Structures are given as C-alpha cells and as structure tokens.
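Notes follow the structure.
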Amino acid sequence: MEGPQDLGGKMGFGPISPEPETEEPLFHAAWEPRVLGVTLCCGALGYWSLDGMRHARESLPPATYLSASYYQIWAYALENMLIANGELSEEELRLGRMRAPGRAQSKKLPAAKVPTVLRTGGPTLRETGAEPGFAVGDRVRTRNMHPDGHTRLPSYARDKTGTITARHGCHVLPDSNAHGRGEQPEWLYTVNFDGRTLWGDDGDPNVTVSIDAWESYLDHAE
C-alpha cells in the first residue's frame with residue numbers, strides 16, 4: 001500500500017537531517033517508553049502480528065502520520081487496533097479511563113518475560129522445502145504491483161531492474177501475515193539497484209540502493 005510511510009524518492013519534504021547515532025537518545029520524551037511498553041504488552045493479547053501493527057501505522061491518515069512523531073504514530077495505531085478488536089471503546093479513549101474489563105484478560109505478558117521478548121523479537125525465518133527461484137548474481141525485475149494492503153516493496157523500486165546480492169532463507173511474507181492470511185513464507189533476497197535505474201538520468205550514478213525483496217516481488221529480467 002502506498003501509504004504515507006512510502007516516502008522514498010518523494011520530493012517537497014525538505015532535507016533529511018538525521019541525528020548522529022552516537023548522540024540520538026533512545027527516547028525523546030518521558031511518555032515514549034510507556035508507549036513502547038504498552039504496545040509490547042498489548043501484542044501479547046494475540047489479536048495482531050507485527051506486520052498487522054505495522055500496517056495499522058501505515059494506514060493512519062496522511063495528515064496525522066506526517067505531523068506525528070515516531071511514538072505518536074505507535075500510540076495512534078495501537079488505539080485503533082484496540083478499538084477494532086473490542087479491547088477499548090471510543091468513550092474510554094475519550095474519558096481516559098476503563099468502563100468495562102478487557103476481553104482477553106487471561107492473556108498477559110509477565111514482567112519476567114519482557115527481557116526475553118525484547119531480546120528475541122519476532123523471528124520470521126522458517127524452514128522450507130521449496131527451492132529458491134533466484135541465485136546471487138541474477139538480474140531481476142521487481143513487479144509493478146499496487147496492492148490495497150500491506151507490502152514491503154517500496155513504490156520507488158517497482159518495475160525496476162536490479163541484481164540479487166544476497167539470499168536470506170525463507171521468511172514470513174508480510175503481505176499475507178499483516179492481514180491474517182497466514183505466514184506463507186517465501187525466499188527473501190537483497191536486491192541492489194543503481195541510482196539512475198531508480199531516479200532516471202538525474203540520479204547519482206555513484207549511488208547504490210539495496211532493498212530486501214520477497215520472491216513474489218520479483219521476476220527474472222530479460
């Protein structure tokens with residue numbers, strides 16, 4: 001889905017000024033670690049996958065998404081997911097207090113398990129008996145796809161020719177997992193593109209862009 005997060009190559013947003021990694025704090029406000037913690041705990045309710053929550057963030061109205069900070073986006077998406085799954089009402093959100101117990105009261109993330117959850121994350125590597133369709137060094141063309149739902153293929157890299165530089169095993173397909181259609185694991189590759197392939201003759205010929213692409217995003221290049 002070409003949501004507000006798909007900004008690669010878009011013009012008109014001004015220069016990117018990232019904070020130096022050595023100086024950037026983990027959190028910029030005292031409420032941000034609380035949003036992280038609540039989001040982590042609510043994931044244990046079992047209503048959504050990591051991909052589903054990512055899609056919820058990308059589905060925020062563009063005006064909201066583009067004017068919000070990183071953890072504000074997390075908070076807005078979490079509110080929407082809790083309402084959609086019956087754990088929170090619009091009234092409770094407006095009042096800031098619970099009016100009825102949650103539905104999944106038996107599902108909890110014990111405090112003792114938090115460090116393990118944070119350390120292991122959500123591994124997506126899966127065993128497969130399927131042979132990979134591509135090898136390192138193959139020339140491939142990304143598909144010109146515009147799905148209504150979640151995808152990890154950025155719009156700027158669609159219908160472009162690149163070279164596979166790495167193969168990472170078989171991983172959960174976000175496009176299906178985000179919408180409850182199962183993991184449907186596929187082979188995952190790193191594909192390199194040169195700047196002019198992506199941005200035309202005005203692109204920097206010295207730039208190389210790498211993306212991770214699932215097998216169903218790719219065809220063999222002619």
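Everything numeric in this text was worked out from a predicted model, so none of it was measured.
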For the CG atom on D159, are there more than 12 heavy atoms of other groups (residues, nucleotides or ligands in this structure) within a distance under 6.0 Å?
yes

Can you hop from V140 to V209 via hydrophobic side chains spaced under 4.5 Å?
yes

Polar side-chain atom of E24 near backbone of E21 as donor-acceptor pair, under 3.5 Å:
no

Return the CE to OG distance between M98 and S89, rounded to the nearest 0.5 Å.
11.0 Å

Does R139 CZ have over 12 foreign heavy atoms under 6.0 Å away?
yes

Could you tell me whether the side chain of I211 reaches within less than 4.5 Å of the side chain of K160, counting heavy atoms only?
no

Closest heavy-atom pair, I73 versus A68, reported as atoms and distance to 0.1 Å, is CG1-CB, 3.8 Å

Polar side-chain atom of R103 near backbone of N85 as donor-acceptor pair, under 3.5 Å:
yes

Side-chain H-bond candidate by donor/acceptor type, T161 with R141, under 3.5 Å:
yes

Considering only NZ, NE, NH1 and NH2 on the basic side and carboxylate oxygens on the acidic side, decide whether K107 and E87 come within less than 4.0 Å.
no

Minimum side-chain heavy-atom gap L93-L82 below 4.5 Å:
no

Side-chain donor or acceptor of E215 paired with backbone N/O of G133 under 3.5 Å
yes

If hydrophobic clusters are built from ILVMFWY residues whose side chains come within less than 4.5 Å, do F193 and L7 share one?
no

Would V35 end up clustered with V114 when hydrophobic side chains under 4.5 Å apart are linked, directly or stepwise?
no

Could you check whether any side-chain heavy atom of L78 comes within less than 4.5 Å of a side-chain heavy atom of W48, counting everything from C-beta outward?
yes

Can you confirm whether E183 sits close enough to S49 that some side-chain heavy atom of one is under 4.5 Å from a side-chain heavy atom of the other?
no

Can you tell me how far CH2 of W74 sits from CZ of R54, rounded to the nearest 0.5 angstrom?
9.5 Å

Show your reasoning for whether side-chain contact (heavy atoms from CB on, under 4.5 Å) applies to Y65 and Y76.
CA-CA 9 Å; Y65 187 99; Y76 294 148; over 6 Å; no

Specify the closest pair of heavy atoms between G52 and M81, including all atoms of both residues, with the distance to one decimal.
O-CE, 3.9 Å

Cluster question for you: counting only ILVMFWY and a side-chain heavy-atom cut-off of under 4.5 Å, with indirect links fine, are L26 and W31 together?
yes

Stepwise ring pair (Phe, Tyr, Trp, His ring centres under 6.0 Å) test for F27 and Y71:
CA-CA 9 Å; F27 303 104; Y71 280 108; 5.7 Å; yes

Any side-chain donor paired with an acceptor under 3.5 Å for T208 and D194?
no

To the nearest 0.5 Å, tell me how far L45 CG sits from Q105 CD.
10.5 Å

State the CE-CG distance between M145 and L153, to the nearest 0.5 angstrom.
5.5 Å

Are more than 12 heavy atoms, taken from residues, nucleotides or ligands other than E19, located less than 6.0 Å from that residue's CD atom?
yes

Could you state the interatomic distance from CZ (F134) to CG (D219), rounded to the nearest 0.5 Å?
6.0 Å

Is there a side-chain contact between P132 and R167 (heavy atoms, below 4.5 Å)?
yes

Nearest heavy-atom neighbours spanning K108 and P110
O-CD, 3.2 Å

Quick one: pull up CG in L188 and OG1 in T124 and give me the separation to the nearest 0.5 Å.
7.5 Å

Tell me if a side-chain donor or acceptor on N177 pairs with a main-chain N or O of V172 at a distance below 3.5 Å.
no

Minimum heavy-atom separation for R152 to D175, with atom names?
N-OD1, 4.1 Å

Under 3.5 Å donor-acceptor, T190 side chain and A166 backbone:
no

Out of curiosity, does I164 fall in the hydrophobic cluster containing L198 (side-chain heavy atoms, cut-off under 4.5 Å, transitive links)?
yes

Write down the atom of Y189, the atom of H168, and the distance for their closest heavy-atom approach.
C-CD2, 3.9 Å

With heavy-atom distances below 4.5 Å as the criterion, would you say the side chains of L36 and E32 are in contact?
no

Among side-chain atoms of S216 and E186, is any donor-acceptor pair under 3.5 angstrom?
yes

Can you check whether R94 reaches E90 side chain to side chain, under 4.5 Å on heavy atoms?
no

How about E127: does its CD atom have over 12 heavy atoms from other parts shown lying under 6.0 Å from it?
no

On the 0 to 90° scale, with breaks at 30° and 60°, tag the H150-H55 ring pair as parallel, tilted or perpendicular.
perpendicular

Shortest non-hydrogen separation from A77 to L60 and the atoms involved:
N-CD2, 4.3 Å

Beyond-backbone contact of T165 with V191, side-chain heavy atoms, under 4.5 angstrom:
no

